[in-house]
Chemist: 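Below is a structure I'd like to ask you about.
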Amino acid sequence: MSNLGRGAGWNKALVNYAKTVDPKRSLDPSVLVACDEKTITIRDGYPKAKYHYLVLPRIPFQLEKAAAVRDQVHQDEQQGSSKETLRVSGGRLSLGPSKSDRIPPFHLESLESVLASPHCEQVFSALRRSRDVAVDLMRSEMVKDRQDGRSWDIMSGFHAIPSMEHVHLHIISNDLVSEKLKNKKHYNSFRPDLGFWLPFEEVESYVHQGLKKLPKGKKEYESLLKSPLVSFRDGSVHSNLPGLKAHLLSCWEGEMSKASGGPGSSPPPSSSSTPPQPRQAGDQSRLKRKSSQATSESEDEVVLRLKR
DNA sequence: GTTCTAGAAC
DNA sequence: GTTCTAGAAC
Ligand SMILES: Nc1ncnc2c1ncn2[C@@H]1O[C@H](COP(=O)(O)O)[C@@H](O)[C@H]1O
């Protein structure tokens, strides 16, 4: 388990987390945020903002039987199979969990494979539940960490083309202020207004519409990562990363110091953001300036301890 | 000379 | 994905 960052197997780290049998026992509390029957939420190992979690469907992922039959019906309809086949698969007699009641692990390899899976509704249903929990936990953590008890926008979404194996939902504070944000690809992959970042609700709506793949192709998404360094805050263009990072820090500090609507006031807990309209390079705006462990029976077992 | 980017890693 | 670092850019 030594080659986490570099070397062969670097892209398997999240699969290992997803396979954890007893996360509360075997994962360090500094890593584990929460878990339930279907998902596990961890802290991102290289956070690209002040707060950054990952929600992973667990392996094995147990299917709800009634829903699994619906999945099968849906799949059969799409494939035009006979009702005879449907009766056999849907009417199978079985008692208790069995291997055939689990999502085949390869369906969970990536966002693309989840979308293509007949079980994507169940995966997204579990992700939504855990997303909501994770956002609440992150907000609590923000409040706890600040003397003034403020919190700010939290985004949840996917990278259109992920690098790490196993589908993972990013939950990330919308500041993008982090020492670990080191290159253009990092920034553009989380820029909410570019198109590589896919808000959770957007992908969820694809699932509900029955769309089985993303609207754009791989090459198209990848080309977005090479876009110039445009601030998601005000559309300003930056000629290098250190300059952009200084700008992002000052924007966040500004947001934190401006007058608020009162004690405890914070932005609505929406997880998407509405960015400003991109501004044309060359106009007169600022350009290129140098530089508590839950007990066993709860639905969502919250592991993150919130100190008062 | 220092800062910054971007490609190799067996 | 990360780390390391050569050499481009300033
Ligand atoms: N060993 C690791 N442990 C925890 N998180 C990781 C690890 N390696 C990479 N990550 C994170 O996994 C995420 C993968 O992002 P992506 O595949 O681009 O959606 C990134 O945010 C990384 O910081």
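Within every chain, numbering begins at 1; the chains are lettered A, B, ... in the order of the sequence lines, protein sequences first and strands thereafter. A quick note: this is a predicted structure, and the numbers were derived from the prediction, not measured.
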Chemist: Measure from the side chain of A:K182, starting at C-beta and using heavy atoms only, and say which of C:dT3, B:dT5, C:dT2 lies closest.
Modeler: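 Nearest listed nucleotide: C:dT3.
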
Chemist: Between atom NE2 in A:H238 and atom C1' in B:dT5, what is the gap in whole Å?
Modeler: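 Whole-Å distance recorded here is 18 Å.
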
Chemist: Out of A:F124, A:F196, A:Y221, which one pairs with A:F158 under the ring pair (Phe, Tyr, Trp, His ring centres under 6.0 Å) rule?
Modeler: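 When A:F124, A:F196, A:Y221 are each tested with A:F158, the ring pair (Phe, Tyr, Trp, His ring centres under 6.0 Å) holds only for A:F124.
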
Chemist: In chain order, what residues pass the side chain to side chain donor-acceptor pair (under 3.5 Å) check against A:S173, with sequence neighbours excluded?
Modeler: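 Counting only residues at least two positions away or on another chain, A:S173 forms a side chain to side chain donor-acceptor pair (under 3.5 Å) with A:D175.
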
Chemist: For A:K12 and C:dT2, give me the distance from atom NZ to atom C1', rounded to whole Å.
Modeler: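 Taking atom C1' of C:dT2 as the reference, NZ of A:K12 is at 16 Å.
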
Chemist: Can we call the ring centroids of A:H170 and A:F190 under 6.0 Å apart?
Modeler: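 Between A:F190 and A:H170, which both carry aromatic rings, the centre distance is below 6.0 Å.
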
Chemist: Rounded to the Å, how far apart are A:W10 CH2 and C:dC4 C1'?
Modeler: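 Checked: the CH2 to C1' distance equals 16 Å.
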
Chemist: Of all the nucleotides listed (B:dT5, C:dT3, C:dT2), which has the minimum atom distance to the side chain of A:H186?
Modeler: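 Taking heavy atoms from C-beta onward, the closest nucleotide is C:dT2.
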
Chemist: Find the runs of at least 3 consecutive base pairs, i with j, i+1 with j-1 and so on, that include DNA chain B, using Watson-Crick or G-U wobble geometry with both distances under 3.5 Å.
Modeler: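 The stems are B:1-9 with C:2-10.
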
Chemist: With a non-hydrogen cut-off below 4.0 angstrom, is A:L14 in contact with a base, only sugar-phosphate, or nothing?
Modeler: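 The answer is nothing, as A:L14 stays clear of every strand by at least 4.0 Å.
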
Chemist: Who are the side chain to side chain contact (heavy atoms under 4.5 Å, CB included) partners of A:K180, not counting sequence neighbours?
Modeler: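 Listed in chain order: A:Y46, A:P47, A:K48, A:S178.
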
Chemist: Round to the nearest Å and state the distance from A:K245 atom NZ to B:dT5 atom P.
Modeler: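 Taking atom P of B:dT5 as the reference, NZ of A:K245 is at 11 Å.
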
Chemist: Could you check A:E201 against A:R131 for salt bridge (charged side-chain N to carboxylate O under 4.0 Å, His left out), going step by step and ending with a plain yes or no?
Modeler: CA-CA 11 Å; A:E201 286 81 358; A:R131 190 283 297 259; 3.1 Å; yes

Chemist: Checking side chain to side chain contact (heavy atoms under 4.5 Å, CB included) against A:I42, which of A:T20, A:V31, A:V55 comes through?
Modeler: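 Considering A:T20, A:V31, A:V55, a side chain to side chain contact (heavy atoms under 4.5 Å, CB included) with A:I42 is found only for A:V31.
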
Chemist: Can you give me the N/O atom pairs linking the protein to nucleotides 6-10 of chain B at distances under 3.5 Å, or say none if there are none?
Modeler:
none

Chemist: Check side chain to side chain contact (heavy atoms under 4.5 Å, CB included) between A:E253 and all other residues, then give those that pass, not counting sequence neighbours.
Modeler: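 Counting only residues at least two positions away or on another chain, A:E253 forms a side chain to side chain contact (heavy atoms under 4.5 Å, CB included) with A:L249.
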
Chemist: Go through the structure and list residues passing side chain to side chain donor-acceptor pair (under 3.5 Å) with A:D132, not counting sequence neighbours.
Modeler: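 For A:D132, no residue satisfies side chain to side chain donor-acceptor pair (under 3.5 Å) once neighbours in sequence are set aside.
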
